[in-house]
Trainee: 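First, the structure itself, so that you have it in front of you.
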Amino acid sequence: MLRSVLLGALLAAPAMSQIILDTDSGFFGDDGVALTMLLRSNHAKDLIGITVVSGNVWSNDGVGYMKRTAKLLGKPKLPVLAGSASPLVHTPALRRRETGIEFDGAFGLPLPKTYPPAGGIDFLIRTIDANPHRVTILAIGPLTNLATALRNRPDIATKIESVVIMGGNVHAPGNASKAAEFNFWFDPEAAQLVLRSAIPKKLLFPLDVCNNAHLTKTLFDRVVDAKTPITDLYREDFGNRYPGFLKNPKAESFLWDELATAGLLNPKLVTRTESAWLDIDTNFGPRYGAVKLLDKSPIPETTPTTVVLDMDFPKVFESYLAALTVRQ
Ligand code: BDR
Ligand code: CA
């Protein structure tokens, strides 16, 4: 009996490396759903910390939002650490010189009044150092934290097991600008540094795949019907903020960070990929932050990126709903 219970537990939770969630969480949003999916999965114990980066909002606010969500999910002691406060090069002043930007996240918000210590960068470096080839970073915001860790300690690149990224648009149009996806546009130089790095495995969930995962009022209603503290946050954010289903039932959005999370938790959900050499346009102009698809490696140490192009969407939505509607 004990043997079969243990066997069942092992099958339910295959061995995985330690996970660090690197997020630009706003009030709740897709980053909040991603954390909910992680902490309500068989891999909850593998999540050893959260590093927060500026993107949707400035990182000091993101820390508060992530701490609140982690607490509601029963993990008040999970480390939540601020990383970089600002992108490597992009600034609010530069952003004011850009036109045609559809969403500018923190750049459209007042600057932070205080800056918490950027312990997240040290946390990334220390954890990777102490667990070589055993750390996966789920990066669902701009890549500033990882890029800064790689700048401070270039040797850790090959010690990372893998990085799973939501960002970029390879064959599809952008969503921050016509050319670029938000996470990569917010910090193009960081995205370039990570994509050019020697990290052994890079799995990218770009807009190409996210554009096929529609978030509709019907799905929203199914979640909020659960009426839990988590779905109350979900209702407030997706209902009254973005995309505002309570104000406009015809509003529509997409699953972004949730796809990367679902793909990490269950790789079988990924049904089509391509291996590509990717780089980022860092020329300041209309294509700032756009992905460049190359026919060869941009620099000798670069490893290729596996680009996710299709997923088993019915199963993805099943896991999304299951994670969000648990009553606890
Ligand atoms: C990405 O930008 C952020 O606003 C979302 O959280 C997601 O990570 C989508 O382009
Ligand atoms: Ca995000």
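When a ligand or atom number is given, it counts from 1 through the structure's own listing order.
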Trainee: What's the shortest distance from atom 4 (O) of ligand 1 to any protein heavy atom, and which residue and atom give it?
Mentor: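 Answer for atom 4 (O) of ligand 1: Asn56 OD1, 2.6 Å.
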
Trainee: To the nearest 0.1 Å, how far is atom 10 (O) of ligand 1 from its closest protein heavy atom, and which atom is that?
Mentor: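 Of the protein heavy atoms, Glu181 OE2, 2.4 Å lies nearest.
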
Trainee: For Asn175, take its heavy atoms, then give the atoms of ligand 1 lying under 4.0 Å from any of them.
Mentor: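 What qualifies from ligand 1 is 9 (C), 10 (O).
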
Trainee: At less than 4.0 angstrom from any non-hydrogen atom of Met166, what atoms of ligand 1 do you find?
Mentor: 1 (C), 7 (C), 8 (O), 9 (C)

Trainee: Looking only at N/O atoms, are Ile140 and ligand 1 under 3.5 Å apart anywhere?
Mentor: yes

Trainee: With carbon and hydrogen excluded and only N/O/S kept, which atom of Asp24 is nearest the Ca ion (ligand 2)?
Mentor: OD1

Trainee: Out of curiosity, does Phe27 fall in the hydrophobic cluster containing Val223 (side-chain heavy atoms, cut-off under 4.5 Å, transitive links)?
Mentor: yes

Trainee: Closer than 3.5 angstrom, by distance alone: can the side chain of Asn169 be matched with the main-chain N or O of Leu207 as a donor-acceptor pair?
Mentor: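 It does not hold such a pair.
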
Trainee: Among Phe107, Tyr288, Phe284, Phe103, which one satisfies ring pair (Phe, Tyr, Trp, His ring centres under 6.0 Å) with Trp185?
Mentor: Phe107

Trainee: Can you hop from Phe317 to Leu321 via hydrophobic side chains spaced under 4.5 Å?
Mentor: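 Yes.
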
Trainee: Is the Ca ion (ligand 2) less than 3.0 Å from an N/O/S atom of Asp30, whether that atom is in the backbone or a side chain?
Mentor: no

Trainee: Check whether any side-chain heavy atom of Pro200 sits under 4.5 Å from a side-chain heavy atom of Thr303, and report yes or no.
Mentor: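 No, every pair of side-chain atoms sits at 4.5 Å or beyond.
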
Trainee: Side-chain donor-acceptor pair under 3.5 Å between Asp22 and Thr51, yes or no?
Mentor: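 Side-chain D/A pair, Asp22 to Thr51: present.
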
Trainee: Looking at atom 8 (O) of ligand 1, what's its closest protein heavy atom, distance included?
Mentor: Asp257 OD1, 2.6 Å

Trainee: Using 3.0 Å as the threshold, say whether any N, O or S atom from Ile140 sits that close to the Ca ion (ligand 2).
Mentor: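 Looking at Ile140, which is the residue asked about, there is an N, O or S atom under 3.0 Å from the Ca ion (ligand 2).
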
Trainee: Tell me which N, O or S atom from Asp257 is the closest to the Ca ion (ligand 2).
Mentor: OD2

Trainee: Check this for me - ligand 1, Asp30, N or O atoms closer than 3.5 angstrom, yes or no?
Mentor: yes

Trainee: Go through the side-chain N and O atoms of Thr136 and Ser17 and say whether any donor and acceptor fall under 3.5 Å apart.
Mentor: yes

Trainee: Are Leu78 and Val53 connected into the same hydrophobic cluster when the rule is that any two of I, L, V, M, F, W, Y join if their side-chain heavy atoms are below 4.5 Å apart?
Mentor: no

Trainee: Below 4.0 angstrom from a heavy atom of Asn183, which ligand 1 atoms are there? Numbered from 1 as shown, please.
Mentor: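 Counting from 1, the qualifying ligand atoms are 1 (C), 2 (O), 3 (C), 7 (C), 8 (O).
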
